[in-house]
There are 2 protein chains.
Amino acid sequence: MQGNNHDDVRRHNLSTILRLVHRQGAASRAQLTRLTGLNRSTIGALVGELVERGLVEERTPTPTKLAGRPSPIVAASDRVVAIAVNPEIDAITVGVIALSGVVHRSIRFATPTTPTAAEAVTITAGIVTDLRREYEEYSIIGMGVAVPGLVRAHDGLVRNAPHLGWVDEPLCEMLAAVTGLPVVAANDASLGVTAERHFGAGRGMTDLIYLNGGSSGIGGGLVVGGVAAGGRTGYAGEFGHTRVSAGRRTDSAGIAGTLEAEVTRGALLAVLGLRAGDTDADALERALLASDAPAVRAEVDRQLDFLAVALAGAVNILNPELIVLGGFLAALYGVDPGRLTRAVAALTLGAAFDEVRIAPALLGSNLLLIGAAELAFEALLLDP
Amino acid sequence: MQGNNHDDVRRHNLSTILRLVHRQGAASRAQLTRLTGLNRSTIGALVGELVERGLVEERTPTPTKLAGRPSPIVAASDRVVAIAVNPEIDAITVGVIALSGVVHRSIRFATPTTPTAAEAVTITAGIVTDLRREYEEYSIIGMGVAVPGLVRAHDGLVRNAPHLGWVDEPLCEMLAAVTGLPVVAANDASLGVTAERHFGAGRGMTDLIYLNGGSSGIGGGLVVGGVAAGGRTGYAGEFGHTRVSAGRRTDSAGIAGTLEAEVTRGALLAVLGLRAGDTDADALERALLASDAPAVRAEVDRQLDFLAVALAGAVNILNPELIVLGGFLAALYGVDPGRLTRAVAALTLGAAFDEVRIAPALLGSNLLLIGAAELAFEALLLDP
DNA sequence: GATGATACGTTGCCAATGTCAACAAATCAT
DNA sequence: ATGATTTGTTGACATTGGCAACGTATCATC
């Protein structure tokens with residue numbers, strides 16, 4: 001319940017323009033005029049200000065074969081960057097992503113053992129020091145961290161990252177203290193849905209669900225009514241613990257019959273006779289498609305049917321436009337898209353939900369880095 | 001992606017003030033100054049405009065025992081009203097609700113048979129004609145309809161209201177044509193959550209879930225990140241079709257093992273030996289509390305445990321602050337709150353979600369009328 | 001009951017912003 | 001070259017909220 005004043009108008013308009021060129025790519029001033037509904041002169045002034053601040057660049061227009069004065073192209077700068085960090089079990093990945101969407105760098109630093117939070121901070125700080133030299137001419141606006149675990153929304157405290165063994169680690173504070181950059185963190189899957197929504201399969205949509213199948217469980221994120229839903233404390237999206245069967249298998253939290261207990265990458269690898277280390281999501285999908293062993297097929301069907309129960313539950317509650325599947329869930333889906341689609345349809349209120357689509361994630365290995373960078377950019381986009 | 005101009009600022013500020021006094025009750029100008037962050041002079045001008053338009057009234061301040069010039073109390077007008085309509089199986093209820101929150105009238109028109117859409121329109125139009133005479137001095141700003149079924153968001157088409165037997169009825173159009181008022185409609189449960197959120201158990205919260213148990217099924221609504229979630233097409237909130245068991249009982253949509261199949265008012269009445277017609281939610285709760293028959297207790301426990309599965313699934317996905325239970329679900333909860341709370345906790349990621357609360361609905365019989373009126377007020381609140 | 005302290009509404013001036021209309025510039029078609 | 005079309009630029013303008021000074025209404029104290 002806040003009032004608006006003049007500065008807010010300016011800020012909102014600058015924000016709107018910067019968001020447009022950041023999310024939807026370069027646009028001519030004339031296009032911006034149409035999209036925002038603002039006056040030509042206003043657009044001129046606002047773009048001028050953004051250029052002055054180095055956030056956007058104006059390029060000479062490309063010939064359009066149309067009559068009329070050509071309109072300069074406004075593009076988000078390549079030289080305004082965020083640093084994205086993704087700590088994992090066996091590596092820490094650090095990326096440099098520009099406001100333009102370009103991924104300048106992606107560095108994977110393998111760790112011999114699962115890093116502690118302190119080690120992750122030290123490693124990240126080292127890489128950032130190098131990157132700072134390399135990108136001296138650039139403007140580094142902040143750092144975003146994608147954490148595989150529960151992250152408290154308001155301060156970025158890592159409440160519990162089971163696979164890293166982190167509990168109540170003030171990761172943001174630590175990284176901010178070492179690097180001097182503003183640092184924000186969020187759950188990796190919720191960043192995944194942000195990335196897919198703005199730059200991937202869910203472009204421009206206001207209601208979508210993202211489920212990611214990782215080696216250690218299933219997480220997800222959701223966008224509801226155009227807002228990335230974090231829930232009360234930022235823990236929303238734990239699809240993995242939805243009950244889908246009356247079985248006795250338990251998940252990482254000790255709950256029986258959940259999606260995460262029944263639908264696992266490990267079980268797929270086991271029936272294929274593969275080892276975890278050798279197989280990424282693409283290789284898994286290829287292997288699943290190549291195999292015609294009945295046991296493999298049976299396991300795939302079993303998992304798809306359980307996945308359908310969880311998805312149907314979410315669809316009935318959220319009525320999304322799109323369900324995006326990432327990680328091994330995309331592989332699972334790829335083996336028999338029809339089966340999953342039909343199973344979900346059978347468990348939802350048919351006609352009403354027939355517009356729901358299911359699609360594999362589009363952004364591959366850069367997904368989390370893009371999502372984390374987006375998180376870091378958010379402050380800038382809100383108030384350029 | 002819209003730009004802001006001067007008019008938008010004014011509109012936003014007027015809207016903010018009107019929303020404040022509508023939702024949070026009367027407030028002094030000084031309080032408004034603090035809440036909005038706007039200047040005293042600005043508040044003066046804005047309140048003056050709202051008074052001129054008849055939307056708010058200024059009262060002489062009550063003695064506060066504080067030093068300083070007393071600040072006039074600004075209150076939403078009693079004389080600006082919306083008409084709320086709720087068609088049901090055996091009656092049509094029409095209410096007159098003021099912007100101040102006062103429920104001026106509530107008329108229940110019993111119908112001998114379940115009304116068709118055309119009959120509902122005729123009956124409503126008749127009542128409205130009378131009300132118009134009665135409230136001649138008032139300003140009727142529009143009509144909101146709470147429909148027990150799926151309502152398409154963008155045009156208020158009633159896609160399917162199973163218990164009324166309505167399919168693809170252009171209810172809004174019909175009512176607007178007959179009454180000449182702007183008419184908006186939405187699912188009853190999603191209006192329930194709006195009402196509880198602004199005026200009931202979920203006051204001021206940004207993330208909550210509402211589940212209503214009716215004689216014919218379980219519906220619900222959700223607020224995610226401060227936004228009433230309608231989903232892609234407005235069908236969000238169908239909690240009743242979440243799978244909670246491997247059983248064979250089916251729900252109204254023919255899906256087996258769902259919440260709506262396992263948790264029913266009918267089963268509770270059956271073990272109590274009561275008839276549907278005689279028993280409202282309060283009477284049901286009293287009967288359940290009074291009975292100590294093992295069969296009753298067993299049925300209550302069974303239903304509570306299934307309800308917990310559905311709630312836990314929603315909690316893991318949405319991480320809400322509060323779950324509001326209405327209708328017979330409130331009665332069920334009232335019998336053994338602890339059992340439900342414990343069961344939900346056991347099925348969610350314990351520590352992370354321990355802030356979730358469960359509460360019965362506060363707004364009784366007026367719930368839907370208040371929600372429907374709120375829907376009608378929304379246009380006015382957005383642009384006073 | 002006069003005085004001061006406190007809190008708040010009112011008034012006139014000011015800065016900032018977006019709009020508008022007129023004009024200039026850059027392209028295409030003839 | 002000329003006109004049509006589209007768009008950027010410029011300066012005048014209206015509107016808005018902020019601000020500071022002033023007026024007003026209450027309480028506390030003597």
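Each chain gets a letter, A, B and so on, in the order the sequences are listed, and its residues count up from 1.
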(request) On DNA chain C, check which nucleotide each of A:A45 and A:P70 is closest to and give me the residue with the more 5' one. (result) A:A45
(request) By nearest nucleotide on DNA chain C, pick out whichever of A:S41 and A:A67 is the more 5' one. (result) A:S41
Candidates [options] - which lies nearest the side chain of [X]:
X: B:V9; options: D:dG8, C:dT27, D:dG17; value: D:dG17
X: B:R29; options: D:dG8, C:dT10, C:dT17; value: C:dT10
X: B:R69; options: C:dA7, C:dT10, D:dG8; value: C:dA7

(request) Look at A:N13 and C:dG18 and indicate whether a side-chain polar atom (N or O) is within less than 4.0 Å of OP1 or OP2. (result) yes
(message) Would you say A:R10 places a side-chain N or O within less than 4.0 Å of OP1 or OP2 belonging to C:dA16?
(response)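 No, no such contact exists.
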Rounded to the Å, how far apart are [X] [atom1] and [N] [atom2]?
X: B:I73; N: C:dG9; atom1: CD1; atom2: C1'; answer: 14 Å
X: A:N39; N: D:dT9; atom1: CG; atom2: P; answer: 13 Å
X: B:E58; N: C:dC8; atom1: CD; atom2: P; answer: 14 Å
X: A:L66; N: D:dA4; atom1: CG; atom2: C1'; answer: 13 Å
X: A:L14; N: C:dT17; atom1: CG; atom2: C1'; answer: 11 Å
X: B:D8; N: D:dG17; atom1: CG; atom2: C1'; answer: 15 Å
X: B:L46; N: D:dT15; atom1: CG; atom2: P; answer: 16 Å
X: A:H12; N: C:dA16; atom1: NE2; atom2: C1'; answer: 18 Å

Would you classify [X] as touching base, sugar-phosphate or nothing, given that sugar-phosphate means primed atoms plus P, OP1 and OP2, and contacts are heavy atoms under 4.0 Å?
X: A:I43; result: nothing
X: B:R11; result: nothing
X: B:S71; result: sugar-phosphate
X: B:R40; result: base

(message) Does B:T33 contact C:dC8 through a side-chain donor or acceptor facing the base, at a distance under 3.5 Å?
(response)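 Not at all, since no donor on one side and acceptor on the other fall under 3.5 Å apart.
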(request) Would you state whether a donor and an acceptor, one from the side chain of B:S28 and one from the base of C:dC8, lie under 3.5 Å apart? (result)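 There is none.
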Does [X] come within less than 4.0 Å of [Y], counting only side-chain N to carboxylate O?
X: A:E374; Y: A:R197; answer: no
X: B:D7; Y: B:R10; answer: no
X: A:E136; Y: A:R132; answer: no

(message) Contact between A:L99 and A:L380 at the side-chain level, heavy atoms closer than 4.5 Å - yes or no?
(response)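 Yes, side chains in contact.
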(request) Give me the ring orientation class for B:H22 and B:F377: parallel if the planes are under 30° apart, tilted from 30 to 60°, perpendicular past 60°. (result)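 Perpendicular: the ring planes of B:H22 and B:F377 meet at over 60°.
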(request) Evaluate whether atom CZ of A:R203 has more than 12 neighbouring non-hydrogen atoms of other residues, nucleotides or ligands under 6.0 angstrom away. (result)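 Above 12, so yes.
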